[in-house]
Protein chains: 2
Amino acid sequence: MNDSRELILNTSLRLFLQKSFKEVTMKEIVTETGMSKGAFYHYFSSKEQVFEEVINFFYGDVMAVKYGSFPKDSLRAFYNEYIAHIERQMKTAKYAMGADFTTNHYMLIFDGLRMLPHFREEHTERQKEEMKAWTDIVRIARKKGEIKSDMTDSQIAKMFIYSGDGVGINFIMSDSLHKAAREIHPLWDGLYNMLKG
Amino acid sequence: MNDSRELILNTSLRLFLQKSFKEVTMKEIVTETGMSKGAFYHYFSSKEQVFEEVINFFYGDVMAVKYGSFPKDSLRAFYNEYIAHIERQMKTAKYAMGADFTTNHYMLIFDGLRMLPHFREEHTERQKEEMKAWTDIVRIARKKGEIKSDMTDSQIAKMFIYSGDGVGINFIMSDSLHKAAREIHPLWDGLYNMLKG
DNA sequence: AAAAACAAACCGAGCGTTCGGTTTTATATT
DNA sequence: AATATAAAACCGAACGCTCGGTTTGTTTTT
C-alpha cells in the first residue's frame, strides 16, 4: 500500500544515483514520477527529507550486507559468497528501479556524508563491520591451515576490501559497474592462491 | 604575471575540491578571491570555463604522474617511488592552495566525466598509462627473478592499482586523505613479500 | 459530507550572467 | 617631467530565469 510514496522513493533513488543532490531538481522528480508538486509535498515535507529516506533505504535495505549469513569456516567460500551477494544485489536493485542506467553510488555517499551527520556515523559503523567480518574469516582460515602468510589478519582483510573498492570506483568511472564482479573474481583468486602457499 | 587570473584559478580549484560544481556558487568564488563579479568575468567567460581550466590544470599539472622517471628495474623501488611521489604531490598542492581543508578529488572527476567529453578520453588515457607502467615493471621484475607468481603481469599490476585506489577512496570518505600513503605502504610491502615467494 | 490524494498556479530567494561605468596602469606626446 | 590618450582591470546593480516550496482548487475515496 501507498504506491505513490514508494514510486516517489524509487524514482528519487534512481535520480540520486545518477546525479548529485543539487543536480536533481524537484521538477525532475515530479516529472519522472508522473505526479505533481502537490502530490509530492503531500507525502514528503522537503527535497532533503526524501533524500534522507532514500539514502537510509539504499544503505539500510538495498545494499545491506549480512555478513552473519556468510560462510564462517573458509576464506575462499567467504569471498565467493561476497561476490555472489554483490551480483544478486545489483540485479535486484536494477529490477526494482526499471531499465539500465548509469549509477554512481559514491555520489550518494559524498552527499550523505556532508548533509547528514547520522549517515557519517552509520557509514563508519558499516566500515568497521566489514573490516571485522573479513578479519574474522582470515583469522579462522589461518588457524585452520587454509592459508598462511607473514601479513597480519587485518592487513590481509584490507587487501581484499581495498582491492574490491578500487575495482568498484574504477568501473563506476567507466560506466560499467555491472562488470565489476567479473573483474574482482580472478584478482581475489590470485590473492587467495598466494595466501594458500 | 596575471596574478588575479591565477588567484581565481587557485581559489576555484580549492572550492571544486571541496564541493561539486553545482554547489560552488559564483558569489563564493568572488568572495573568496576578494574580487568582484565584474573582475571574474573579465578573465573568464563562464563558471564552466573556469571549471574546465581548473580540471585541466589539476590533472595535467598538479596530479600528473611521470612514470617515465620512475625506477625501471625493481618493482619494490617502483612502488616506493610511487608512494613518495604521491606524498610530494599532496604537500605541493597543499602549499599552493593555503591551509588544510577537506579534499575530495573524486567529486571533481565525477563532474568532469559528466560535463567534459574530452576529460573522459583523457581520463581513460591516464588509466591505460598507469596500467602499462605497472604491467611493464611487473614483467621486468618477474624476468629478473625479483618476484615469481602464478598471476599474470596485468593481474599483479591491478592488485597494486586497485588496492591503492581503494585506500584513496576510503580515506577521502573519512576526511583523512593525508594518511592514505601511510596505509598503503605496509599493504604493498605485504603484497610484495608474497610475490617474492 | 468529510478526508485524503492529487493538480495547477503561483511565490520569493538565489542563481549565473550582463552591462554601464569607474579606477588603475601603461604608452605616447609634448 | 608633465600631460594626454588608450587600454586593461575592476566594480556592483540589475536582469532573466530556475529553484524549492506554498497556496488554492479539484477529484477521488471512504
Side-chain angles (χ1 to χ4, degrees), chain A residues 1-58 98 107-108 110-119, chain B residues 1-58 107-108 110-117 119:
Chain A
M1 60 153 143
N2 223 337
D3 289 345
S4 297
R5 213 186 124 91
E6 279 185 25
L7 177 61
I8 294 173
L9 275 173
N10 280 325
T11 307
S12 302
L13 172 56
R14 203 188 76 225
L15 291 170
F16 286 134
L17 282 174
Q18 296 174 267
K19 308 196 260 184
S20 71
F21 178 78
K22 278 261 178 187
E23 282 172 309
V24 175
T25 67
M26 284 306 305
K27 189 180 170 189
E28 217 170 349
I29 293 177
V30 156
T31 306
E32 298 276 311
T33 54
M35 299 176 127
S36 64
K37 283 195 172 190
F40 176 91
Y41 282 96
H42 177 73
Y43 294 103
F44 298 93
S45 64
S46 69
K47 185 186 167 191
E48 304 203 2
Q49 194 210 321
V50 77
F51 177 77
E52 186 162 355
E53 287 203 28
V54 157
I55 208 168
N56 286 340
F57 170 65
F58 190 63
M107 205 93 242
L108 205 54
F110 293 158
D111 280 330
L113 288 175
R114 265 176 302 128
M115 294 171 58
L116 312 170
H118 82 270
F119 179 75
Chain B
M1 57 152 142
N2 224 336
D3 288 345
S4 297
R5 200 172 199 280
E6 280 185 23
L7 177 61
I8 294 173
L9 276 172
N10 280 325
T11 307
S12 303
L13 172 55
R14 202 187 76 227
L15 292 170
F16 286 134
L17 281 174
Q18 294 174 270
K19 307 196 260 184
S20 71
F21 178 78
K22 278 257 177 190
E23 281 172 310
V24 176
T25 67
M26 283 307 304
K27 189 182 172 188
E28 217 171 346
I29 294 176
V30 155
T31 306
E32 299 275 312
T33 54
M35 300 175 129
S36 66
K37 291 191 173 189
F40 176 91
Y41 281 96
H42 177 72
Y43 294 103
F44 298 94
S45 65
S46 70
K47 187 186 167 192
E48 303 204 3
Q49 195 210 322
V50 77
F51 176 77
E52 185 162 355
E53 289 202 26
V54 157
I55 208 168
N56 286 341
F57 170 65
F58 191 64
M107 205 94 243
L108 205 55
F110 294 157
D111 280 330
L113 287 175
R114 264 177 302 127
M115 292 171 59
L116 312 169
F119 179 74

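The model shown is predicted, which means the values in this text are computed figures rather than measured ones. Note on naming: letters A, B, ... go to the chains in the order of the sequence lines (proteins, then strands), and numbering restarts at 1 for each one.
Shown here for A:Val54 and A:Ser12, the closest heavy-atom pair between the two residues is CG2-CB, 3.8 Å.
Atom pair A:Phe51:CZ and D:dG20:C1' shows a separation of 16 Å (rounding to whole Å applied). Taking atom CZ on A:Phe44 and atom P on D:dG20, their separation rounds to 16 Å, with Å as the unit. Between A:Phe40 atom CZ and D:dT23 atom P the separation is 17 Å, expressed in whole Å. Here the P atom of nucleotide C:dC15 and the CD atom of A:Glu23 are 16 Å apart, to the nearest Å. If you take NZ of B:Lys47 and C1' of C:dG14, they are 12 Å apart, rounded to a whole angstrom. Rounded to an integer number of Å, the gap from NZ of B:Lys27 to P of D:dC19 is 20 Å. In this structure, B:Asp3 places its CG atom 18 Å from P of C:dT24, rounding to the nearest Å. When rounded to the nearest whole Å, the span between CD of A:Gln49 and P of D:dT22 equals 12 Å.
Comparing the helix axis at one end of the helix from C:dA1-D:dT30 to C:dT30-D:dA1 with that at the other, each defined from 5 consecutive pairs, gives an inter-axis angle of 0° (nearest 10°).
Annotation: side chain to side chain donor-acceptor pair (under 3.5 Å) contacts involving residues 28-39 of chain A, sequence neighbours excluded, comprise A:Arg14-A:Glu32, A:Lys19-A:Glu28. For residues 39-49 of chain B, no pair satisfies salt bridge (Lys or Arg N to Asp or Glu O under 4.0 Å), with sequence neighbours left out.
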Would A:Tyr43 and A:Val50 satisfy side-chain contact (heavy atoms from CB on, under 4.5 Å), going step by step from the backbone distance to the final call? CA-CA 9 Å; A:Tyr43 294 103; A:Val50 77; over 6 Å; no
Taking it one step at a time, do B:Met35 and B:His42 satisfy side-chain contact (heavy atoms from CB on, under 4.5 Å)? CA-CA 11 Å; B:Met35 300 175 129; B:His42 177 72; over 6 Å; no
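Contacts of B:Phe57 classified as side-chain contact (heavy atoms from CB on, under 4.5 Å), with partners at least two apart in sequence or in another chain: B:Asn10, B:Leu13, B:Asp61, B:Val62. Applying the side-chain hydrogen bond (donor to acceptor under 3.5 Å, both in side chains) criterion to B:Ser20, with sequence neighbours excluded, gives B:Glu23. Here B:Phe44 pairs with B:Phe40 under the ring-ring contact (aromatic ring centres under 6.0 Å, His included) rule; sequence neighbours left out. Applying the side-chain contact (heavy atoms from CB on, under 4.5 Å) test to A:Glu52 and every residue at least two apart in sequence or in another chain returns A:Asn56, A:Leu116, A:His118. With sequence neighbours left out, the ring-ring contact (aromatic ring centres under 6.0 Å, His included) criterion links A:Phe58 to no other residue.
In this structure, A:Val50 reaches neither bases nor backbone, as no heavy-atom distance under 4.0 Å exists between it and the strands shown. When heavy atoms are screened at a 4.0 angstrom cut-off, B:Val24 is found touching the sugar-phosphate backbone but no base atom.
Between B:Phe51 and B:Phe16, the two ring planes are perpendicular [angle over 60°; tilted spans 30° to 60°].
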Protein proximity profile, nucleotides 7-18 of chain D - base contact B, sugar-phosphate-only contact S, no contact -, cut-off 4.0 Å on heavy atoms: --BSBB------
For every nucleotide of nucleotides 24-30 of chain D, 5' to 3': is a protein heavy atom under 4.0 Å from its base (B), only from its sugar-phosphate (S), or from neither (-)? -------
